[in-house]
Amino acid sequence: MRASRLFFRTLREDPADAEIASHRLMVRAGLIRKVTSGIYAYLPLGQRVVRKVADIVREEMDRAGAQEVGLPIVQPAEIWRQTGRWFEYGPEMWRLTDRHGREYALGPTHEEVVTTLVAGEVTSFRQLPVNLYQIQNKFRDEVRPRFGVMRARDFVMKDAYSFDVDEAGMAASYAAMRRAYTRVFHRVGLDFRPVESDSGAIGGKVSEEFMALADSGEASLVVCEACGYAANVERAEGVPTPQEDAGPEPEKPLEKIRTPGVRTIEELVRGHGVPIRHTAKILFYHASYLGEGGPGRRELVAALVRGDRQLNEVKLKNLLGALSVELAPEDEVRRRTGAPFGSAGPVGLAGVDRLVADHEVALGRNFAVGANEEDRHYLNANAGRDFRPTETADLRAVAAGDPCPRCRSPLAGRRGIEVGQIFQLGTRYSTQLGAYFTAEDGTRRPAWMGCYGIGVTRTAAAAIEQRHDAYGIVWPISIAPFEVAVVPVHVDDEAQRHAAEEIYRTLLAAGVEALVDDRPERPGVKFADADLVGFPVRVTVGERALAEGSVDVTDRATRETVRVPLPQAAERVVERVRQARRELALRADRAEAALEAQAAG
RNA sequence: CGGGAUGUGGCCCAGCUUGGUAGGGCGCCGCGUUCGGGACGCGGAGGUCGCGAGUUCGAAUCUCGCCAUCCCGACCA
């Protein structure tokens, strides 16, 4: 490609609405332009990156035995009603109505469509297993689109769906996808980590997310450097820690004390000398449940966690089996329970549908809690004796420093960008949508499913988050829009133009993706643009080097330049590109081998 | 949905408090000088000041309504 004909333009200034590096740089480098909130146009440079990520994903999916299909973006409401997700999915699903008044959705995901498809085609165990995937635009009407393509309303996603005869088959398909994902993310050059995750609205039990590690990531992770445990904090298991090193103290008698003005745990600790591990806080939630084909009942739920802990709402939601949970407004809590907000507590609490407690509160002794009247707290409240939770569970949000649930070493906190997620779904969708087959023994059985997503456009953004500097993007070679930029310093200099063209043609002939910057711009402009867009290798053809029959070859990542004699220039660049490609491929191979060794051992 | 803010040439912004008919930088076009890290000079093009009402002799500026966008919180690949 010739820069003079390439449809692109770089910006000198940062766009006003870009918060994070990837968004800022994608706009400045001319990869994307915003069309409207959360919706972007991809210019040729950006589209090339998306295509290269997608091609890598496609290669690895094919390699893992999956088959590409094309599924519709517009999906009928009916199949979503069959699985209950027409309501369950909520306002994030982009709905539309045709001229006849029939309802549709723009696909946020494709379990319903693909399961319905398979239900019509698969009749025998002989047709299984099968894994179908597609790479396509997905639509989610995000509450708050932000960070450019990172959280867009229209994004490119690869989604795959596996169908197996039994649970073991599903697990095998899942493992194959896990290997494929590991290869994909190594090949695109990401620093990533698979973590245990909550399966959310899609359902199923086993689920892992592939997280690109980045401080700008929206997901909070905990990782154990000692044993390798890693989890999304939404999912991370809390290990109850004792209140005293010496072991539990005996139950003391319940005592009501005057606590004028005390409304928070800190005030209780500071003003009344209660150790924070002997405090418990109560939080009131509205839990909404799915009813018959639509919204169902709502409950007021009180939840108890130790005063030094935070509640994990995802755990609460899962415990309750609720569609959603949200903090209940103060006035309603007061109206229903009669308790003042800052002095509410579990002892003698009335008006709530359920009282759930974290393990630490159920196991601990002698808690200071609100007494449900103004300016009064209880000391030494004990579960079982003074209040009785309807359920006890792991409800606390795990934080950095907490013990690892596997090996008890302290966990470290990290931030991550979720670039992929894999699920073992089980038979929920196959049962609901009739994906049954006849087994070897003649019985009719539902297919065991897994589903597997990769955010293609998000992966491109994640790569930029991890790899950029003050000058611009530093692409991994596998997904760079072009691998090499050939920059003649002065295009009106015949010798320079000729040498640049020669190198450019040789690179193309060798299968290297090259761009020649033949624009009549000043050298500084061309260098700055090359750095901003982030081509991994730059070949500078200028008067200085040419005077000694050479050109300069610069590595974008290290910014190191070597002078190479003209006759060997193209060859050396080709070798450098091939070496860089090999490195990433090798990483994928090694990681896969390690996974296989792990599975075998 | 709550809370906050912003809409002024393609981009980044000033002007608004104190109404008087729109300005800078970048970018764009022409000419010249320049030319290994975002040049300089001269000349030029380009604006329904988000939209609609209102107040006023007169509105980018004041008032009301609407729309859009962004940021902070509750959701997610």
Side-chain angles (χ1 to χ4, degrees), chain A residues 9-19 23 27-28 30 33-39 89-93 107-110 136-159 197-202 207 209-212 217-219 232 234 285-286 313-314 317 323-329 416-423 451-459 461-462 471-472 487-493 496 520-532 538 540-547 551-552 554 559 561 563:
Chain A
R9 196 154 80 102
T10 56
L11 305 179
R12 289 200 182 188
E13 278 160 303
D14 287 334
D17 57 3
E19 290 281 302
H23 185 194
V27 173
R28 274 197 60 199
R33 293 288 182 256
K34 185 170 73 179
V35 173
T36 185
S37 176
I39 296 183
Y89 218 96
E92 203 174 292
M93 189 148 72
T109 178
H110 282 70
Q136 207 203 44
N137 288 63
K138 293 283 192 289
F139 292 83
R140 294 186 189 175
D141 191 2
E142 287 288 342
V143 187
R144 188 146 99 78
R146 63 187 132 165
F147 301 148
V149 305
M150 198 74 88
R151 175 165 302 281
R153 298 197 288 177
D154 166 3
F155 56 97
V156 178
M157 179 170 153
K158 185 283 303 179
D159 48 324
S197 76
D198 182 70
S199 50
I202 291 181
S207 176
E209 288 162 319
F210 284 77
M211 293 286 185
E218 294 182 85
N232 192 318
E234 289 179 354
Y285 279 89
H286 268 145
E313 293 188 357
V314 173
K317 190 174 89 172
L323 191 56
S324 66
V325 293
E326 58 185 56
L327 279 170
I417 299 162
E418 183 188 349
V419 287
Q421 187 166 13
I422 55 180
F423 300 82
C451 74
Y452 319 93
I454 290 179
V456 172
T457 38
R458 181 183 279 185
T459 294
Y471 302 96
V487 182
V489 172
H490 290 115
V491 282
D492 46 8
D493 179 302
Q496 289 180 32
E521 290 286 351
R522 297 170 55 81
V525 171
K526 298 210 260 191
F527 295 152
D529 279 346
D531 286 349
L532 178 60
R538 189 181 85 206
T540 309
V541 184
E543 196 176 4
R544 287 187 200 162
L546 222 45
V551 295
D552 291 323
T554 306
R559 304 184 62 77
T561 298
R563 187 150 291 183

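Residue numbers start from 1 in every chain, and the chains themselves are labelled A, B, ... in the order their sequence lines are given, proteins ahead of strands. Everything numeric in this text was worked out from a predicted model, so none of it was measured.
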Point-to-point distance, once rounded to the nearest 0.5 Å, from CG of A/Leu546 to NE2 of A/His490: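 One gets 12.5 Å once the value is rounded to the nearest 0.5 Å.
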Distance (rounded to the nearest 0.5 Å) between A/Met150 CE and A/Thr459 OG1: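 Reported to 0.5 Å precision, the distance equals 9.5 Å.
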Length of the [atom1]-[atom2] vector between [X] and [N], whole Å:
X        : N     : atom1 : atom2 : result
A/Arg146 : B/A5  : CZ    : P     : 20 Å
A/Met157 : B/C76 : CE    : P     : 14 Å
A/His286 : B/C75 : NE2   : P     : 15 Å
A/Glu142 : B/C76 : CD    : C1'   : 5 Å
A/Glu326 : B/G2  : CD    : P     : 13 Å
A/Leu323 : B/C75 : CG    : P     : 12 Å
A/Leu327 : B/G73 : CG    : C1'   : 11 Å

Check nucleotides 38-42 of chain B against the protein and report each pair of N or O atoms closer than 3.5 Å, with its distance, or say if there are none.
residue	atom	partner	partner atom	Å
B/G38	O2'	A/Arg12	NH1	2.7
B/G38	O2'	A/Arg12	NH2	3.4
B/G38	O6	A/Arg28	NH2	2.9
B/G38	N1	A/Asp529	OD1	3.2
B/G38	N2	A/Asp529	OD1	3.0
B/A39	OP2	A/Arg522	NE	3.2

Identify whether any heavy atom of [X] sits under 4.0 Å from a base atom; if not, whether one sits that close to sugar-phosphate; answer base, sugar-phosphate or nothing.
X        : result
A/Arg33  : nothing
A/Ala462 : nothing
A/Gly453 : nothing
A/Gly90  : nothing
A/Glu209 : nothing
A/Thr540 : base
A/Met211 : nothing
A/Ala545 : base
A/Glu218 : nothing
A/Glu521 : nothing

If pairing requires Watson-Crick or G-U wobble contacts with both distances under 3.5 Å, which nucleotide is the partner of [N]?
N     : result
B/U21 : none
B/U55 : none
B/U69 : B/A5
B/G43 : B/C29
B/A14 : none

Minimum heavy-atom distance A/Val156-A/Thr457, with the two atoms named: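 Looks like N-OG1, 3.2 Å.
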A/Arg151/A/Glu218 ion pair, N-O < 4.0 Å: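 A salt bridge is present here (some side-chain N lies under 4.0 Å from a carboxylate O).
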Note, A/Asn232 side chain near A/Asp198 side chain (heavy atom, < 4.5 Å):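 Contact flag for A/Asn232/A/Asp198 side chains = no.
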Can you tell me which nucleotide in [options] comes closest to the side chain of [X]?
X       : options             : answer
A/Lys34 : B/G37, B/C75, B/U69 : B/U69
A/Ser37 : B/C70, B/A74, B/C76 : B/C70
A/Arg9  : B/C75, B/G10, B/C72 : B/G10

Over-ring placement of A/Arg538 relative to A/Phe527, 6.0 Å and 45° cut-offs: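 Yes, A/Arg538 lies over the aromatic ring of A/Phe527.
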Of A/Gly38 and A/His490, the one whose closest RNA chain B nucleotide lies more 5':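 On the 5' side of the pair lies A/His490.
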N/O donor-acceptor pair, side chain A/Arg538 with base B/G37, under 3.5 angstrom: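 Answer is yes: a donor-acceptor pair is held.
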N/O-N/O pairs, protein side and nucleotides 12-16 of chain B side, under 3.5 Å:
residue	atom	partner	partner atom	Å
B/C12	OP1	A/Ala16	N	3.3

